[in-house]
Each structure stands twice: as C-alpha cells, then as structure tokens.
Participant: 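Sharing a structure here in structure tokens format.
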Amino acid sequence: MSQQNNNSLSSTSSSPLNTSSSSSFNKDNIEKQIEEWKNKYLNKYNCPISQQLMIDPVTIETGQTYDRKTIEEWLKSKNTCPITRATLKNNNLIEKLFNNLESDEFKLDILIILFNKSNYNRNNLLKKLLNININENNNKFITFFKNLFKEINLNEIDLNEIDLNELIEFISDYKNDLQNELIIIYKELYKKNNEIKYLEIIYDLNNENKEIEQQLLNEYLKLNLMDKYFNLFIKTNENKLDSFNLMLLKCLQNQNKEIINLQLKI
C-alpha cells in the first residue's frame, strides 16, 4: 500500500496538471516558440551582408535586397553583387520601403523594432509610418506614436521635413487619444504659415489653456477681427463680468466698434 502511494505521488509530481511546475514549463516553452518564430520570420528581412534587420531595404539590379547603408558601403570598393558576384552595370538602388511585407500590422511591428534601435533616424521612421494603414482602435499604434512624438523635444524629429497636413490626416481617427500630439503638429503649422486658423484649432483642442486663449485674443485684435474677439472674450469671461460690463461688451460687439485696448475689471 505504501509503495502504491509512493508511485501515485511520483506520478502526480510529473503530471502536466501540476500547476507549480507545468505553468513555468509552458511559459518558458511558449516564450521559446515565440522567439524561434520571430527569428525565423524576421530572418528573411535581414541584410545578407550584415545579418541585421534591414532598416532601409533597397534592391539592386540582380534582384537581391540589402540594407541601403550596407550595400552602399560595399559598392564603394566593389562593382559586384555580394550574393551572385555578378558584375553590376550600374549602382542605382530601387526603394522597397517594406512594400513586400505581408501586412500593415507587421509593418507596424517592424517600425516599433526600428524605433527601439536608438541609431535609427526618427524622421525616416515617421515617413515610413505614413505609408501604412493602421486599423482603428489600435492601442499598439497609439502607444508607439506617443513614444515617437516624445522625441520631438529631444530634437530627434524635425517636423519641418514632414508633410504636417498628411500627418494630421493620418492620425485623424485618433484625435481623442492623440490630442497633445495634434496640438504639437498644429503649433508647427501655425509657426510655419502664421495662419490664425491653426491657432483656433489649437484652442478648440485645449480651450482650458489660458495662454493660448490670450494669444488668440491678441491675434484677433491685431487683425481687427472684432466680432471674433468679442465672441471669445464674452464666452470665456461671462461668469466673471458684472452685468453692466457684460451689457457694454455686447453693445460694442453689436455696433462692431474697433477696440484696441479694452480694459475691464474682472
């Protein structure tokens, strides 16, 4: 009886139903499988010369694809294909830009990998991002975009090199999630074009910002847009004005009189 119990215990300890050991084993096994899958799947996107993931894939005339920086370095001293050894008639490189990847979701995964390579040019990363289609409600994209935009303050991204209107259209489905990032883009547009419409959009996105509010009021005055000036001033100060000053303001607005220095005790 004792021997039978021992056998039973022995059998139980090695059983897959033993959560203490099996969960650890399964977790390690799954992680290993994921790692193997990644290596196998990503290997075909490695540069044949450097054996590293291609940051900027280009194809030479023989049909082989390499990372731009690596093949350009090769072609400085050689006029052959690294794989076929065929002599090249010209060194023109054809952009591929991830067009041969299976899905936009995987393209996003590749860009996230590239983002984690600190030496990768952030402007190129943002330009590549604009060429893929992101599904709505993609939390991975939102997180990635926020992390990417943090690097503007580190001068890793120069928005002067980006089509900002295209960028706004690209993230338009995520206006609520990427409000701060949109404000950065519109501020850049306002700085570039000095058009008041961009300042108005910034204020609409963040109407609690008193600094933006005052800047907008000053612009209305400067451009003699008095109706807009009164509308905004009354809207933002209505609760602070006494009835007389409020009535005065509305009368002035109706008469559309020019006011350059309006001083009211609020």
Side-chain angles (χ1 to χ4, degrees), residues 97 111 115 121-134 136 138 141-241 245-246 248-264 266:
L97 297 178
L111 293 180
F115 173 77
N121 183 286
R122 273 23 186 171
N123 272 45
N124 289 341
L125 189 63
L126 191 52
K127 288 174 184 175
K128 289 183 191 298
L129 185 61
L130 292 176
N131 291 324
I132 66 177
N133 295 316
I134 305 297
E136 290 185 26
N138 189 318
F141 163 70
I142 293 170
T143 302
F144 171 56
F145 198 87
K146 284 180 176 292
N147 289 333
L148 180 61
F149 252 57
K150 284 177 184 175
E151 307 214 355
I152 291 177
N153 296 329
L154 301 174
N155 298 318
E156 292 289 333
I157 294 179
D158 182 2
L159 288 177
N160 289 314
E161 294 184 16
I162 306 294
D163 185 331
L164 298 180
N165 288 309
E166 183 184 357
L167 184 57
I168 288 169
E169 185 178 351
F170 180 74
I171 62 174
S172 59
D173 291 334
Y174 299 92
K175 185 166 69 173
N176 293 333
D177 296 300
L178 299 173
Q179 185 186 79
N180 291 334
E181 290 70 27
L182 271 172
I183 288 173
I184 291 172
I185 299 169
Y186 278 116
K187 280 183 176 178
E188 196 67 27
L189 277 169
Y190 176 63
K191 189 166 67 177
K192 275 184 174 183
N193 303 299
N194 199 29
E195 293 183 30
I196 198 168
K197 66 179 181 180
Y198 297 121
L199 194 58
E200 289 174 329
I201 294 171
I202 294 168
Y203 179 71
D204 285 341
L205 287 169
N206 187 13
N207 55 25
E208 294 181 2
N209 188 316
K210 292 300 178 183
E211 185 179 341
I212 296 296
E213 176 189 313
Q214 192 56 53
Q215 189 178 356
L216 189 54
L217 286 169
N218 291 341
E219 287 297 312
Y220 285 152
L221 280 176
K222 190 193 302 182
L223 297 172
N224 198 25
L225 299 171
M226 299 313 299
D227 198 45
K228 286 191 170 187
Y229 176 90
F230 282 124
N231 279 334
L232 179 59
F233 191 91
I234 292 172
K235 177 184 173 183
T236 55
N237 294 286
E238 192 165 6
N239 294 332
K240 302 174 187 177
L241 295 168
N245 280 330
L246 182 59
L248 175 62
L249 262 179
K250 288 183 176 179
C251 287
L252 289 170
Q253 180 185 18
N254 291 334
Q255 294 175 30
N256 197 24
K257 289 185 177 180
E258 181 177 346
I259 300 178
I260 301 303
N261 292 310
L262 179 64
Q263 293 184 344
L264 292 171
I266 297 175

Participant: What's the verdict on side chain to side chain contact (heavy atoms under 4.5 Å, CB included) for L216 and Q214, showing C-alpha distance, side-chain angles and the deciding distance?
Facilitator: CA-CA 5 Å; L216 189 54; Q214 192 56 53; over 6 Å; no
Participant: Can the ring centroids of F149 and F145 be said to lie less than 6.0 angstrom from one another?
Facilitator: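 Aromatic pair counts; centres sit under 6.0 Å.
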Participant: Hey, are E213 and N209 close enough side-chain-wise for a donor-acceptor pair under 3.5 Å?
Facilitator: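 Side chains of N209 and E213: no pair found under 3.5 Å.
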Participant: Would a 4.5 Å heavy-atom cut-off, applied to side chains only, mark L189 and I168 as touching?
Facilitator: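 Of all side-chain heavy-atom pairs linking I168 with L189, at least one is under 4.5 Å.
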Participant: What's the spacing between E219 CD and N194 CG if we round to 0.5 Å?
Facilitator: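 Interatomic distance, E219 CD to N194 CG, rounded to 0.5 Å: 6.5 Å.
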Participant: Would the number of heavy atoms belonging to other residues, nucleotides or ligands and lying under 6.0 Å from NZ of K187 be above 12?
Facilitator: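 For K187, atom NZ is not crowded (no more than 12 foreign heavy atoms under 6.0 Å).
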Participant: May I have the step-by-step check of side chain to side chain contact (heavy atoms under 4.5 Å, CB included) for L182 and I201, ending in yes or no?
Facilitator: CA-CA 10 Å; L182 271 172; I201 294 171; over 6 Å; no
Participant: More than 12 heavy atoms of other residues, nucleotides or ligands under 6.0 Å from CD of E195: is that the case?
Facilitator: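 Yes - once you tally the heavy atoms of other residues, nucleotides and ligands closer than 6.0 Å, there are more than 12.
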Participant: Start with the C-alpha gap between N165 and E169, add the side-chain angles, then the distance that decides, and say whether side-chain hydrogen bond (donor to acceptor under 3.5 Å, both in side chains) holds.
Facilitator: CA-CA 6 Å; N165 288 309; E169 185 178 351; over 6 Å; no
Participant: For L148 and I157, work out which heavy atoms get closest and say how close.
Facilitator: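 Of all heavy-atom pairs spanning L148 and I157, the closest is O-CD1, 3.2 Å.
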Participant: If I compare all heavy atoms of F170 with all of I132, which pair ends up nearest, and what's the gap?
Facilitator: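 Scanning both residues, the minimum pair turns out to be CE1-O, 3.2 Å.
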Participant: Distance check, rounded to the nearest 0.5 Å: L225 atom CG versus I196 atom CD1?
Facilitator: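 So the CG of L225 and the CD1 of I196 are separated by 5.5 Å.
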Participant: Just so I know, are the side chains of L129 and F141 near enough to count as touching, which here means a heavy-atom distance under 4.5 Å?
Facilitator: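 Yes, side chains in contact.
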Participant: For the pair F233 and Y229, name the ring-plane relationship: parallel under 30°, tilted 30 to 60°, perpendicular over 60°.
Facilitator: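 Ring orientation of F233 relative to Y229: parallel.
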Participant: Are there more than 12 heavy atoms of other residues, nucleotides or ligands under 6.0 Å from atom NZ of K192?
Facilitator: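 Above 12, so yes.
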Participant: Look up atom CD1 in I152 and atom CD1 in I185, then write down how far apart they are to the nearest 0.5 Å.
Facilitator: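 Here the interatomic distance stands at 7.0 Å.
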Participant: Under a 4.5 Å cut-off applied to non-hydrogen side-chain atoms, are I142 and N138 in contact?
Facilitator: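 I142 vs N138: side chains apart.
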Participant: Between E200 and K197 (salt bridge meaning N to carboxylate O under 4.0 Å), is one present in this structure?
Facilitator: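 Looking at E200 and K197, the cut-off is not met.
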Participant: Considering non-hydrogen atoms only, spot the tightest contact between L205 and Q179 and give its length.
Facilitator: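 Reported closest heavy-atom pair: O-NE2, 2.9 Å.
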Participant: Are the side chain of E188 and the backbone N or O of N160 linked by a donor-acceptor pair below 3.5 Å?
Facilitator: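 Here the side-chain-to-backbone pair does not exist.
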Participant: Nearest 0.5 Å, please: how far is CD1 in I171 from CG in D177?
Facilitator: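 That separation rounds to 10.5 Å.
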Participant: Counting only heavy atoms not in E166 (residues, nucleotides, ligands), do more than 12 fall under 6.0 Å from its CD?
Facilitator: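 Yes.
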Participant: Counting only heavy atoms not in K146 (residues, nucleotides, ligands), do more than 12 fall under 6.0 Å from its NZ?
Facilitator: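 Enclosed: over 12 neighbouring heavy atoms sit under 6.0 Å from NZ of K146.
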Participant: Rounded to the nearest 0.5 Å, how far apart are CG of L164 and CD1 of I184?
Facilitator: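 L164 atom CG to I184 atom CD1 measures 11.5 Å (nearest 0.5 Å).
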Participant: Calculate, to the nearest 0.5 Å, the distance between atoms CG and CG belonging to D204 and L199 respectively.
Facilitator: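 Separation between the atoms: 10.0 Å.
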